[in-house]
Amino acid sequence: MPPRVVILTGAGISAESGLGTFRDAGGLWADWPLADVATPEGFARNPALVHEFYNARRRNVLDSHPNAAHEALAMWEMDRAGEILIVTQNIDDLHERAGSRAVIHMHGEVLGALCAACGARWPAPERMDPADPCPACRAPATRPDVVWFGEMPYRMDAIEAALSGCELFAAIGTSGQVWPAAGFVERARAAGARCVELNLEPSAVAHRFHEVRLGPATRIVPDWAAAERGRPPQPAAG
Ligand code: APR
């Protein structure tokens, strides 16, 4: 059975947990040029800088806690197992720490490490370094297990299948500026899903949603999730 509900989350859902967003005023890309720290070319040029950036992100994640928005989505899954799939662009583990289990990390996870030489994966140490050898092949080619610009997001087949079969699609805390995630609303709409955006301000693709709710995630997500959880299955939206 495909999940009835697919929820796409972005940096905005973790903002009130103290994790920075990318494109808001003072966002991460203002201090760390994206081309330097989030592309394969940047990593090839200066792996130490890239590790420094992700080491700081990892420290920040380890110091943070899930907020009321993460918890509301986890409670939904606990209440109705199998009904909801979270597809997150976030590399933090706050959905899991809140209790969600059906989570796809389409942009990878900062708490994971990946060997660029042999593809082995293992839990990342708190600080990674360009000289770290891969525990499987010993090559000094270790990187955070995150998806950079120009790389293919993870588990796209599973995501596409879920979007094609869902009845409700919601995007929470994402600016709608990064593809393919920005196009998920179109895919879900074409499948007849009702589409709802929950964000601090309208995203770049807000006009494609049937409904837009504005406000901080910890305020608007719990009420919305509680109401949706109680709803009986709906006929397809136009
Ligand atoms: N509650 C809800 N939404 C919020 C909050 C909040 N407290 N704070 C900020 N937002 C919204 C902003 O209005 C913005 O629309 O969250 C969105 C964050 O947008 P981005 O910084 O662009 O983050 P995201 O959409 O997750 O970025 C997508 O881009 O750089 C890459 O790989 C990175 O996964 C990331 C991807």
Side-chain angles (χ1 to χ4, degrees), residues 6-43 50 53-54 56-58 60-61 64-73 86-95 98 103-112 114 143-156 159 169-185 195-209 211-225:
V6 176
I7 302 202
L8 172 70
T9 63
I13 198 169
S14 296
E16 291 161 87
S17 291
L19 302 185
T21 59
F22 297 96
R23 294 174 182 77
D24 294 306
L28 288 165
W29 294 154
D31 290 334
W32 299 84
L34 177 166
D36 290 342
V37 299
T39 62
E41 296 78 15
F43 187 59
V50 174
F53 174 69
Y54 287 101
R57 305 282 70 73
R58 194 173 301 110
N60 204 187
V61 167
S64 69
H65 301 282
N67 65 45
H70 300 105
E71 284 160 6
L73 299 182
I86 295 173
V87 177
T88 188
Q89 299 166 91
N90 298 342
I91 57 175
D92 65 59
D93 65 344
L94 296 183
H95 285 303
V103 183
I104 292 180
H105 281 271
M106 63 179 292
H107 292 168
E109 298 178 67
V110 75
L111 300 182
L114 167 69
R143 55 172 279 183
D145 190 8
V146 299
V147 175
W148 288 324
F149 287 89
E151 296 181 324
M152 179 65 90
Y154 294 155
R155 303 203 42 206
M156 283 306 296
I159 295 170
F169 170 75
I172 302 175
T174 178
S175 61
Q177 296 192 47
V178 174
W179 295 76
F184 289 175
V185 59
C195 299
V196 184
E197 172 168 287
L198 297 102
N199 210 31
L200 201 53
E201 54 195 29
S203 76
V205 292
H207 61 287
R208 299 307 299 149
F209 289 80
E211 184 186 346
V212 177
R213 295 183 173 216
L214 299 180
T218 57
R219 186 163 61 73
I220 62 174
V221 173
D223 288 351
W224 171 80

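Every number for a ligand or one of its atoms is a count from 1 in the order of the listing.
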All N/O donor-acceptor pairs, side-chain side in residues 34-42, below 3.5 Å, sequence neighbours left out:
| unit_1 | atom_1 | unit_2 | atom_2 | d |
| --- | --- | --- | --- | --- |
| Asp36 | OD1 | Arg45 | NH2 | 3.3 |
| Thr39 | OG1 | Ala35 | O | 2.7 |
| Thr39 | OG1 | Gly42 | N | 2.9 |

Strictly below 4.0 Å, N to O, side chains only: are Arg143 and Glu151 in salt-bridge contact? yes
Output, in order, the C-alpha distance, side-chain angles, deciding distance and verdict of side chain to side chain contact (heavy atoms under 4.5 Å, CB included) for Val147 and Met152. CA-CA 7 Å; Val147 175; Met152 179 65 90; over 6 Å; no
Does the plane of the ring in Trp148 sit parallel, tilted or perpendicular to the ring in Tyr54? Use 30° and 60° as the thresholds.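 Geometry flag for Tyr54 against Trp148: tilted rings.
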So if I only count non-hydrogen atoms and take anything under 4.0 Å from ligand 1, which residues does that give, chain by chain? Gly10, Ala11, Gly12, Ala15, Glu16, Thr21, Phe22, Arg23, Asp24, Trp29, Gln89, His107, Phe149, Gly173, Thr174, Ser175, Val178, Asn199, Leu200, Glu201, Gly215, Pro216, Ala217
Using ring centroids (six-membered ring only for Trp), state whether Trp29 and Phe53 fall under 6.0 Å.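 Yes, close enough.
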List the atom of Pro202, the atom of Leu214, and the distance in Å for their closest heavy-atom pair.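 Shortest heavy-atom contact: N-CD2, 3.7 Å.
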